[in-house]
Amino acid sequence: MTAGTTTSVARANAATGVIDGIGVGGGSASGPVARMAQPSVLPPPRTVDPADVPAEAAAARAALARVAADLEERAAAVGGDAAQVLSAQAMMAADPTLADQVGELVAGGADAAHALDRAFRAFRASLEAAGGYFAERVADLDDLRHRSVAAVQGLAMPGLPAPGHPYVLVADDLAPADTALLDPAEVLALVTERGGPTSHTAILAKILGLPAVVGCAAAAALTDGTPVLVDGASGTVVTDPDPAIVAEAAARDERRRQAAARVSGPGRTADGHAVKLLVNLGALQELNAAAAADSEGVGLFRTEFLYLDREQAPTAEEQTDAYRTVFNGFPGRRVVVRTLDAGADKPLPFVTADDEQNPALGVRGLRTSRRDPELLETQLAAIAEAAQHTEADVWVMAPMVSVPGEAAGFTARVRAHGLRTAGAMVEVPAAALRAKDLARQCDFLSIGTNDLAQYAFAADRTLGTLAEFLDPWQPALLELVRTAAVAGAACDRPVGVCGEAAADPLLALVLVGLGVSSLSAAPSCLGDVRATLAAHTLDDCRRLAGLALAAPDATAARAAVRKAAAQEVLA
């Protein structure tokens with residue numbers, strides 16, 4: 001948002017209602033609200049005669065099978081990341097443990113609908129108790145419950161509203177089955193009462209390019225037909241907006257698009273200071289779009305997609321083929337490979353211990369190599385083999401590095417496999433505070449702002465209620481970024497940012513002012529970041545960084561930088 005937007009929001013606060021949430025998509029959109037329909041209610045319970053138990057249990061299992069099949073059909077229709085999300089949900093519906101639990105409840109006298117309801121509630125409670133990534137999957141489980149209960153009653157599956165005109169979709173939360181099938185021509189923006197920045201709603205909204213605000217509890221009061229203006233950059237929803245505010249938002253979005261279209265090529269500030277602009281890549285399905293983006297390569301290649309939803313680790317051959325495919329998409333460009341980041345919110349049966357009471361603080365990232373060193377050795381060997389047959393400039397970095405000794409050990413292992421460039425991720429405060437010692441042990445540093453915020457503020461990154469602590473504009477977080485960037489420069493080591501912070505054009509100015517040398521984000525975000533950098537000098541960036549660091553909180557930091565950046569452009 002620009003200085004003009006600040007004025008608009010001030011007017012909106014005076015004349016209309018403004019509700020706040022977590023912005024997870026750029027741009028804005030306005031239109032009438034259409035709420036997601038409420039799920040069908042359970043029928044009155046009935047006692048199942050013992051003679052009818054087999055048929056009742058079969059009906060419940062058939063309902064689960066129908067839900068799983070429906071989700072797989074949707075997955076086949078959409079493809080890409082959305083397909084992965086839907087397939088994972090279909091696997092949950094097809095879980096034999098769930099079917100067995102439903103069968104036991106029916107055998108105990110429950111009818112099929114209530115047996116399904118009770119089984120899903122039990123699994124839901126288990127996920128909530130597990131916390132973190134698992135707790136955020138509760139919305140997925142709720143959706144499966146609603147669909148299964150509807151299926152066993154012969155009712156239509158829950159679905160999106162169809163008011164006959166474009167609308168802003170408002171819901172308590174959105175399940176992958178619904179979000180994946182959104183038509184951007186019909187759905188203008190998304191607003192959910194629950195959810196966080198890593199929820200499926202947030203992920204898929206970015207894929208679809210829709211403005212979205214999640215974790216917006218006050219959206220519960222929004223009713224069908226209410227005009228709203230959704231600002232995905234600021235995380236605000238303005239109800240009954242003045243037409244002038246809507247027009248100003250639309251004009252701002254158009255100016256942003258035109259500015260992004262005018263600038264191309266390597267990232268530069270207005271006075272020519274180089275800032276490498278790279279893309280994040282998390283699955284082979286994203287490769288074509290990532291390779292086609294106007295970038296200098298990949299700043300974060302997440303390799304977890306090869307390991308997830310498997311009982312055994314992928315073979316060296318499987319990994320080599322996948323890495324070679326990615327490297328071949330970026331001839332002459334950099335590809336930074338992050339080694340397996342398992343544990344915490346990405347548990348793997350062949351890596352993660354079942355008895356870890358707090359996995360976010362347990363054996364995750366590079367630490368998994370202590371338990372299974374061959375896992376890392378096989379991955380490095382596969383990366384090295386793939387790199388030998390490509391023109392890409394392959395770099396490798398380790399996640400969850402905490403002390404210099406870990407960085408030194410990882411660098412030695414990388415070198416032993418013939419790979420030239422080894423780096424360490426700065427994701428915990430200890431790594432940032434001793435970044436100079438880390439930098440001396442490797443070739444580059446990469447800051448993961450999502451995890452760094454989580455550990456700096458002791459706030460679960462998947463918990464929407466703690467979003468204020470996870471805001472990348474928090475001055476304490478920016479102080480850690482500066483510490484790492486200054487340390488890297490002192491050792492002549494590049495320091496990049498590959499977390500969500502790099503996707504915010506305004507925050508990109510601050511990061512460059514703090515000393516960050518590269519930014520890695522989703523391909524769709526690079527145009528805005530490139531254009532914003534091109535409109536400001538390096539000295540401008542440094543002044544803005546000073547304002548952000550001096551602010552008392554994230555809100556004040558963002559406001560101060562926004563105002564000053566707009567004045568610099570006008571000057």
Side-chain angles (χ1 to χ4, degrees), residues 24 34-42 60-78 81-95 97-99 101-102 112-128 130 133-162 169-183 187 190-196 198-205 207-208 210 212 214-216 219-220 309 462 464:
V24 294
R35 294 197 66 95
M36 181 71 78
Q38 293 296 315
S40 57
V41 298
L42 277 170
R61 288 192 173 92
L64 290 172
R66 177 185 166 193
V67 170
D70 178 69
L71 292 169
E72 287 291 5
E73 288 179 7
R74 292 171 183 243
V78 295
D81 280 0
Q84 289 187 322
V85 170
L86 292 174
S87 292
Q89 201 182 17
M91 290 176 63
M92 294 171 71
D95 188 337
T97 304
L98 175 63
Q101 180 68 24
V102 171
H114 285 82
L116 288 164
D117 175 65
R118 287 167 57 186
F120 276 112
R121 288 184 187 280
F123 277 87
R124 187 186 202 280
S126 297
L127 287 185
E128 283 188 312
Y133 172 87
F134 296 103
E136 200 160 76
R137 302 286 77 80
V138 162
D140 302 355
L141 210 57
D142 287 344
D143 180 60
L144 291 176
R145 177 264 180 204
H146 301 328
R147 292 176 181 278
S148 300
V149 169
V152 82
Q153 295 182 79
L155 302 175
M157 297 278 187
L160 297 168
L169 180 61
V170 178
D172 173 62
D173 205 348
L174 290 175
D178 294 316
T179 318
L181 297 180
L182 294 179
D183 181 357
V187 179
L190 305 175
V191 180
T192 62
E193 298 164 32
R194 295 190 289 138
T198 59
S199 66
H200 283 319
T201 300
I203 294 169
L204 292 173
I207 293 173
L208 295 170
L210 291 174
V214 301
C216 185
D309 299 323
T462 66

With Arg118, which residues qualify under side chain to side chain donor-acceptor pair (under 3.5 Å), at least two apart?
-> none

Can you spot which of Asp117, Asp143, Asp142 makes a salt bridge (charged side-chain N to carboxylate O under 4.0 Å, His left out) with Arg124?
-> Asp142

From CE (Met36) to CG (Leu169), nearest 0.5 Å = 5.0 Å

To the nearest 0.5 Å, atom CZ of Arg121 lies from atom CG of Leu116 at 12.0 Å

Show me the donor-acceptor pairs, under 3.5 Å and distance only, between side chains in residues 148-162 and residues at least two apart or in other chains.
unit_1 : atom_1 : unit_2 : atom_2 : d
Ser148 : OG     : Leu144 : O      : 2.8
Gln153 : NE2    : Val149 : O      : 3.2

CE of Met92 to CZ of Phe123: how many Å apart, nearest 0.5 Å?
-> 9.0 Å

Is there side-chain contact between Arg145 and Leu141, with at least one heavy-atom pair below 4.5 Å?
-> no

Heavy atoms only: give me the nearest Ala219-Val191 pair and the separation to one decimal.
-> CB-CG1, 3.7 Å

Shortest non-hydrogen pair, Ala93 vs Val67, comes out as CB-CG1, 4.2 Å

CG of Leu64 to CZ of Arg147: how many Å apart, nearest 0.5 Å?
-> 13.5 Å

Under 4.5 Å between any side-chain heavy atoms of Val102 and Arg61, yes or no?
-> no

Give, for atom OG of Ser87 and atom CD of Glu72, the distance between the pair rounded to the nearest 0.5 Å.
-> 4.0 Å

So, for Val187 and Leu210, which heavy atoms are closest and what is the spacing to 0.1 Å?
-> O-CD2, 3.2 Å

Taking salt bridge (charged side-chain N to carboxylate O under 4.0 Å, His left out) as the test, write out the residues that go with Arg66, two or more places apart.
-> none

